[in-house]
Amino acid sequence: MKVLKFGGTSVGSPSSIKEVANIVRNIEGKKTVVLSAMSGTTNALHEVADYIINYKEEEANQLIDDLIAKYVDVAHELLNEKENQEAAIALISDRFEYIREHVGIEIPSSQIEKNIVAQGEVLSTNLFIFHLKEEGAKATLVSAFDFMAIDEANEPVISKITEAYGEIVAANTNTEIFVTQGYICLSHRGKIDNLKRGGSDYSASLIGAAIKAEEIQIWTDIDGMHNNDPRFVENTFSLKELSFDEAAELAYFGAKILHPQSVIPARKANVPVMLKNTFEPNAAGTIIKNCDVPAGVRAIAAKDGITAIKIKSYRMLMAYGFLKGVFQVFENYKTSIDMITTSEVAVSLTIDDTTHLNEIVKELEEIGSVEVDTDLSIICLAGNFTEESKGASSPIFNSLTNIPIRMISYGGSNYNVSLVINTENKKEALVALNKGVFGR
Ligand code: ASP
Ligand code: MG
């Protein structure tokens, strides 16, 4: 079995949904197709939820009406037979009626938002199944709520996913194409939940790992992972191959093509992940697998919205327990640290979640003096920085002689060098690195 995931733009219009069906049909063997919501839908549903939470009922109803009209058009354009169109429209009405039940609710809660945004994937998968069936495919729709589960800590419950999805596959021997929703799941309380924005990749990786798939394919709107961020740099190129370690670093530190956590299950189960372009299905794409990593830098990504915190204390390293005290503060506020650098008198670290920044700073001030810098970006350079790559860092720093660097992290893993700079210098830094490191 192969697991094929198609993102929001891949299912963004009736014609692209048909294209997706063609791609799926041309891939041999059994497959599980994981779909995102049609592009724009998750954002729109978040907007509906926001209106409801802020008691803006008229706006909520208006947006729901607009979405219904849009989906009815999609059903007409996507499906040929009247009977199927009617069945699809009934499903659309039913899902939006469910959404509308939340409008005007007495005490809106965060559960409302989860219930509402989940409908995007329910709609896209149902429409896709209608189309596949009209084309005569042996396809089965599997509800993600029947197998995708997270625990109290929002971590996927691998045993449940493996067992439940395995049973579903075993019970449907005649099915060629299983179709399911990405992103959505049930919480430990059995309520509708999700794997966070962009989480459909993660769903695909979890399913692929659970069933030990031959391959996980992530179909999106770009021809694989590029050596640098194509939104800011010209002359980037798509990479043929990446190791799991490199891909994990790049996805975590800003490469938009992959959800940061999605490499983890695939790597654990050693299932290769192929990145492909729905709109250029014959382009090679990028394969992520266990492979040797050539010396030097292979790819660059950048992550914005970074805050750096410096804690200064005299005799920091000599005084044992200092770092423990610092880390404990972040643990108290469930705030994860991205990057760390230390000296004898100070430690600097970065976070991207500033929800509890004020409380964190207050507690840290009991340990030492604290400085906070905002509007920073992490530049992540992934590649091979082991001994055999000596000299690999000199083009990095030679490229950046005009750019102030706030932090440098080297040696945390063999596969990553990270720098922190001001976001206003990011584009210049990425362009300079493309020239200095890749000669482009
Ligand atoms: N539809 C969800 C989102 O837009 C999940 C996904 O596309 O992966 O975040
Ligand atoms: Mg999406």
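This one's a predicted model, so the numbers in the text were calculated from it and none came from an experiment. Starting from 1, each residue takes its place in the sequence as its number.
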Next on the checklist: Main chain of A346, side chain of S343: is a donor-acceptor contact present, judged purely on distance under 3.5 Å?
Outcome noted: yes

Item to check | Euclidean distance, R25 CZ relative to E28 CD, rounded to 0.5 Å | outcome: 14.5 Å

Checklist entry - Is K70 atom NZ crowded by more than 12 heavy atoms from other residues, nucleotides or ligands, each under 6.0 Å away? => result yes

Next on the checklist: Using a 3.5 Å distance criterion without hydrogens, assess whether the side chain of D352 forms a donor-acceptor pair with backbone atoms of T307.
Outcome noted: no

Next on the checklist: Could you check whether any side-chain heavy atom of K5 comes within less than 4.5 Å of a side-chain heavy atom of S203, counting everything from C-beta outward?
Outcome noted: no

Checklist entry - OG1/T9 to CH2/W219 distance, rounded to the nearest 0.5 angstrom? => result 13.0 Å

Next on the checklist: Can you see whether T423 engages S377 through a side-chain donor-acceptor pair at a distance of less than 3.5 angstrom?
Outcome noted: yes

Next on the checklist: Can a side-chain donor-acceptor contact be found between S389 and N384 if the only test is distance below 3.5 angstrom?
Outcome noted: yes

Checklist outcome for this item: Scanning both residues in full, the closest heavy-atom pair of H102 with I52 reads O-CG2, 3.3 Å

Checklist entry - Would N61 and E57 count as having a side-chain donor-acceptor pair, cut-off 3.5 Å? => result no

Checklist outcome for this item: For H259 and L195 the tightest heavy-atom approach is NE2-O, 3.7 Å

Item to check | Polar side-chain atom of D229 near backbone of R231 as donor-acceptor pair, under 3.5 Å | outcome: yes

Checklist entry - Within a strict 4.5 Å, meaning less than it, do heavy atoms of the V263 and Y252 side chains meet? => result no

Next on the checklist: Is it the case that atom CD in E365 sees more than 12 heavy atoms from other parts of the structure closer than 6.0 Å?
Outcome noted: yes

Checklist entry - Is it true that the side chains of S243 and E246 contain a donor and an acceptor less than 3.5 Å apart? => result yes

Checklist entry - Does N332 reach the side chain of I360, with side-chain heavy atoms less than 4.5 Å apart? => result no

Item to check | Residues D245, R267; criterion salt bridge (charged side-chain N to carboxylate O under 4.0 Å, His left out); working and verdict | outcome: CA-CA 9 Å; D245 290 314; R267 168 165 54 184; 2.5 Å; yes

Checklist entry - In terms of side-chain heavy atoms, does N416 have a donor or acceptor partner in S418 at a distance below 3.5 Å? => result yes

Checklist entry - Quick one: does V3's side chain get under 4.5 Å of Q217's, heavy atoms only? => result no

Checklist entry - Is the closest side-chain heavy-atom distance between L349 and F327 below 4.5 Å? => result yes

Next on the checklist: S13 vs S16, test: side-chain hydrogen bond (donor to acceptor under 3.5 Å, both in side chains). Steps then yes/no.
Outcome noted: CA-CA 5 Å; S13 67; S16 18; 2.6 Å; yes

Next on the checklist: Assess, by modelled atom type and distance only, whether the side chains of T386 and Y415 contain a donor and an acceptor separated by less than 3.5 Å.
Outcome noted: no

Checklist entry - Between E424 and D375, is any pair of side-chain heavy atoms under 4.5 Å apart? => result no

Checklist entry - Does the pair T180 and T32 meet the rule for a side chain to side chain contact (heavy atoms under 4.5 Å, CB included), with working shown? => result CA-CA 7 Å; T180 190; T32 292; 4.2 Å; yes

Would you mind writing out the side-chain donor-acceptor pairs for residues 148-162 within the sub-3.5 Å range, not counting sequence neighbours?
{"residue": "D151", "atom": "OD1", "partner": "A153", "partner atom": "N", "Å": "2.9"}
{"residue": "D151", "atom": "OD1", "partner": "N154", "partner atom": "N", "Å": "3.2"}
{"residue": "D151", "atom": "OD1", "partner": "E155", "partner atom": "N", "Å": "2.9"}
{"residue": "T162", "atom": "OG1", "partner": "I158", "partner atom": "O", "Å": "2.7"}

Checklist entry - Atom CG of N277 and atom OG1 of T220: how far apart are they, to the nearest 0.5 Å? => result 7.0 Å

Next on the checklist: Between Y333 and E363, is there a side-chain donor-acceptor contact under 3.5 Å, judged purely by atom types and distance?
Outcome noted: yes

Next on the checklist: Can a side-chain donor-acceptor contact be found between S36 and E121 if the only test is distance below 3.5 angstrom?
Outcome noted: no

Item to check | Atom pair CG (L433) and NZ (K435), whose distance is rounded to the nearest 0.5 Å | outcome: 12.0 Å

Checklist entry - Can you tell me if S205 uses its side chain to pair, donor with acceptor, with the backbone of D201 under 3.5 Å? => result no

Next on the checklist: Can a side-chain donor-acceptor contact be found between H226 and D223 if the only test is distance below 3.5 angstrom?
Outcome noted: yes

Pairs of donor and acceptor atoms involving the side chains of residues 281-293, under 3.5 Å and at least two apart or interchain, shall be tabulated with distances.
{"residue": "T286", "atom": "OG1", "partner": "M225", "partner atom": "N", "Å": "2.9"}
{"residue": "T286", "atom": "OG1", "partner": "L239", "partner atom": "O", "Å": "2.6"}
{"residue": "N290", "atom": "ND2", "partner": "N270", "partner atom": "OD1", "Å": "3.0"}

Item to check | Pairing of E215 and K2 as salt bridge, 4.0 angstrom limit | outcome: no

Checklist entry - Is the side chain of Q119 donor-acceptor paired with the backbone N or O of N115 at a distance under 3.5 Å, no angle test? => result yes

Next on the checklist: Is the ring pair F128/H131 parallel, tilted or perpendicular, if the boundaries are 30 and 60 degrees?
Outcome noted: tilted

Checklist entry - Near K18 NZ, under 6.0 Å, is it more than 12 heavy atoms from other residues, nucleotides or ligands? => result yes

Item to check | Side-chain heavy atoms of I311 within contact of I309, under 4.5 Å | outcome: yes

Checklist entry - For S238, what residues pass the side-chain hydrogen bond (donor to acceptor under 3.5 Å, both in side chains) criterion, not counting sequence neighbours? => result none

Checklist entry - Would you call I396 and L419 a side-chain contact if the rule is heavy atoms closer than 4.5 Å? => result yes

Item to check | Spacing of F253 atom CZ and D338 atom CG [to the nearest 0.5 Å] | outcome: 5.0 Å

Next on the checklist: Could you walk me through whether T42 and Y183 satisfy the side-chain hydrogen bond (donor to acceptor under 3.5 Å, both in side chains) test, starting with their C-alpha distance in whole Å, then the side-chain angles of each, then the deciding distance to 0.1 Å, before giving a yes or no?
Outcome noted: CA-CA 11 Å; T42 308; Y183 176 58; 5.7 Å; no

Checklist entry - Please walk me through it: do F397 and I408 pass side chain to side chain contact (heavy atoms under 4.5 Å, CB included)? => result CA-CA 10 Å; F397 296 107; I408 298 172; 3.7 Å; yes

Next on the checklist: Ignoring hydrogens, what is the shortest heavy-atom contact between F6 and L4? Give both atom names and the distance.
Outcome noted: CE1-CB, 3.8 Å

Item to check | Derivation of the side-chain hydrogen bond (donor to acceptor under 3.5 Å, both in side chains) call for N434 and N227 | outcome: CA-CA 8 Å; N434 213 44; N227 72 307; 3.1 Å; yes

Checklist outcome for this item: Correct closest heavy-atom pair for Y202 and Q261 would be CE1-O, 3.5 Å

Item to check | Heavy-atom pair of closest approach, residues I184 and V122 | outcome: CD1-CG2, 4.0 Å

Next on the checklist: Can you confirm whether the side chains of E47 and N43 place a donor and an acceptor under 3.5 Å from each other?
Outcome noted: no

Next on the checklist: Tell me whether K31 forms a cation-pi arrangement with F178, defined as NZ or CZ under 6.0 Å from the six-membered ring centre and within 45 degrees of its axis.
Outcome noted: no

Checklist entry - Could you state the interatomic distance from CD1 (I405) to CD1 (I379), rounded to the nearest 0.5 Å? => result 9.5 Å

Checklist entry - For the residue pair S187 and D193, what are the closest heavy atoms and their distance? => result CB-OD2, 3.4 Å

Checklist entry - Could R95 and Y98 be counted as a cation-pi pair, given that NZ or CZ must be under 6.0 Å from the ring centre and within 45° of the axis? => result yes

Next on the checklist: D65 vs R100, test: salt bridge (charged side-chain N to carboxylate O under 4.0 Å, His left out). Steps then yes/no.
Outcome noted: CA-CA 10 Å; D65 290 342; R100 218 191 282 275; 2.8 Å; yes

Item to check | Partner of M407 under side-chain contact (heavy atoms from CB on, under 4.5 Å), chosen from I421, D373, T350, I378 | outcome: T350

